[in-house]
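Here's the structure we're looking at; comments come further down.
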There are 2 protein chains.
Amino acid sequence: MARDKDFIPEEKIAKALDVFWEKGYNATSMQDLVEAMQINRSSLYNSFGDKHNLFLECLRTYGYLAAKDYESVLTLKELSPLETMEKIIDVYVAGIVYDCKCCMGMKSSFELAGDDDEVRRVIKTASDRTIGIFTDLLRRAKEQGELSDDKDPVVLAHIIFNGFCGWKQSYLQFKDAHLVKKMAGYTKLHLKSPF
Amino acid sequence: MARDKDFIPEEKIAKALDVFWEKGYNATSMQDLVEAMQINRSSLYNSFGDKHNLFLECLRTYGYLAAKDYESVLTLKELSPLETMEKIIDVYVAGIVYDCKCCMGMKSSFELAGDDDEVRRVIKTASDRTIGIFTDLLRRAKEQGELSDDKDPVVLAHIIFNGFCGWKQSYLQFKDAHLVKKMAGYTKLHLKSPF
DNA sequence: AATATTTTGAAACGATCGTTTCAGAATGTA
DNA sequence: TACATTCTGAAACGATCGTTTCAAAATATT
């Protein structure tokens, strides 16, 4: 009945995600988005609603991509559950130095989650998914005797998740890759310690 | 030669700090500040410069107040160094539930430190001071044999500092005080473990 | 009391904010 | 080919942004 869009929505969302990720919500203007997405203002509002709605969409995409990243490590079948968890930590730590963008979930959480329920809900969904992956891994590690009995997989999963954002933040502030590796090393050590 | 100000600058800075702390830099308008500080626009610009300069002043005040808070625990002379460190952790964790504001240094760091060197420098000064307090404490704990030889006071201090912000963030997101206490408990356990 | 200097209050600045409007170009369907 | 519908592009919307201006009120000093 009518013409199709001149663009692929998912690609435009990815462009917008990059801008929001780097600059944050409030510091990103619609003008920034129009330029980055290479799309007309009208088309933007027509296809994605207003700025807030577009941001939520980006945040959902971010959560989906982040979880997919972690899950890709799970397919390395030759690794035990604990080894997989350690591998995820190692991969993340290695990435900290090369990618100058911090965890968007944490960044958005600090900026908006205080008084924006929709944002908080989307972030929580993404966090739950990632922490769920870690928890499953640690539970299986516990079943196989890689993790001592007194350890709580849920709490440890949260600690690792928290660590990820803290390490990134530390690196942004102190630019000390060695320090980050040492902090991660302590966390890995604690996973293996008998108590 | 001329009249005095009708206000005490430090009090107005404290008011501005509250607003910046809660809303962040970009989401705070000069109008918000004029209303919160109960001061005229002209007086504001006359006494504190522009928005960015006022923010830096607030950030410095925050860093000073935060460090003073931690140092006040140090005066409890009946505690050993490690006990003092644990006490600081306990006090912080207890405060998480009652104060809905997160660590302003971390919040500002996520929002601005990426491309604002002045902000990053002020935050780093504040962080260094706090981490320095923790490091001193842990060094003395090591000297007194409360901390095992293989532990690095500097790295542990960073881990605790990171933990503070992570725990607060976790509470904001999951509203689970029990979880926060457990995470802090693990950190305290690691301080005392023999390796 | 006179003076020099600063603060104060109110108004307004241009710029940019997020958003809407609308006419015309484009295109899937009949 | 003609129609119905949607997308596109450019302009403009009112609101708010951070900041400046300036005359009048205030007051520490001489």
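Reminder, nothing fancy here: chain letters follow the sequence lines and each chain counts from 1. Since this is a predicted model, take the numbers as computed values, not measurements.
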Taking it one step at a time, do S43(A) and N46(A) satisfy side-chain hydrogen bond (donor to acceptor under 3.5 Å, both in side chains)? CA-CA 5 Å; S43(A) 308; N46(A) 258 335; 5.9 Å; no

Is atom NZ of K181(A) surrounded by more than 12 heavy atoms (other residues, nucleotides or ligands) closer than 6.0 Å? no

Closest listed nucleotide, where the reference is the side chain of F7(A) and the choices are dT8(C), dT8(D), dT20(C): dT8(D)

How many Å lie between CD on Q31(A) and C1' on dA12(D), as a whole number? 14 Å

In whole angstroms, the gap separating C1' of dT19(D) from CG of L33(B) amounts to 13 Å

Return the value, rounded to whole Å, for the distance between atom CG of N26(B) and atom P of dT16(D). 18 Å

In terms of heavy-atom contacts, does NZ of K15(A) have more than 12 from other residues, nucleotides or ligands at under 6.0 Å? no

Given the structure, check if the side chain of R41(B) and the base of dT19(D) hold any donor-acceptor pair shorter than 3.5 Å. yes

So with a 6.0 Å cut-off around NZ of K175(A), is the heavy-atom count from everything else above 12? yes

d(CZ, F20(A); C1', dG18(C)) in whole Å: 11 Å

Whole-Å gap separating P (dG28(C)) and CG (D6(A)): 10 Å

Any donor-acceptor pair under 3.5 Å linking the side chain of Q173(A) with the backbone of S109(B)? no

Under-3.5 Å donor-acceptor pair between S42(B) side chain and dT21(D) base: yes

Which is more 5' along DNA chain C, the nucleotide nearest G49(A) or the one nearest I39(B)? Just name the residue. I39(B)

Nucleotide dC7(D), atom P - distance to NZ of K12(A) in whole Å: 15 Å

Mind calculating the distance between NZ (K5(B)) and C1' (dG9(C)) to the nearest angstrom? 16 Å

Against the side chain of Y45(B), the closest entry in dT7(C), dT20(D), dT8(D) is dT20(D)

Of the candidates dT19(D), dT8(C), dC7(D), the side chain of N40(B) sits closest to dT8(C)

Would you mind classifying the nucleic acid contact of S29(B) as base, sugar-phosphate or nothing, using non-hydrogen atoms under 4.0 angstrom? sugar-phosphate

Side-chain donor-acceptor pair present, Q169(B), N162(A), cut-off under 3.5 Å: no

d(CG, N53(A); C1', dG18(C)) in whole Å: 14 Å

Between the main-chain N or O of H190(A) and the side-chain N or O of K151(A), is there a donor-acceptor pair closer than 3.5 Å? yes

For the side chain of S47(B) and the base of dT7(C), is some donor closer than 3.5 Å to an acceptor across the two? no

Angle between terminal axes - the helix from dA1(C)-dT30(D) to dA30(C)-dT1(D), 5 pairs each end, rounded to 10°: 10°

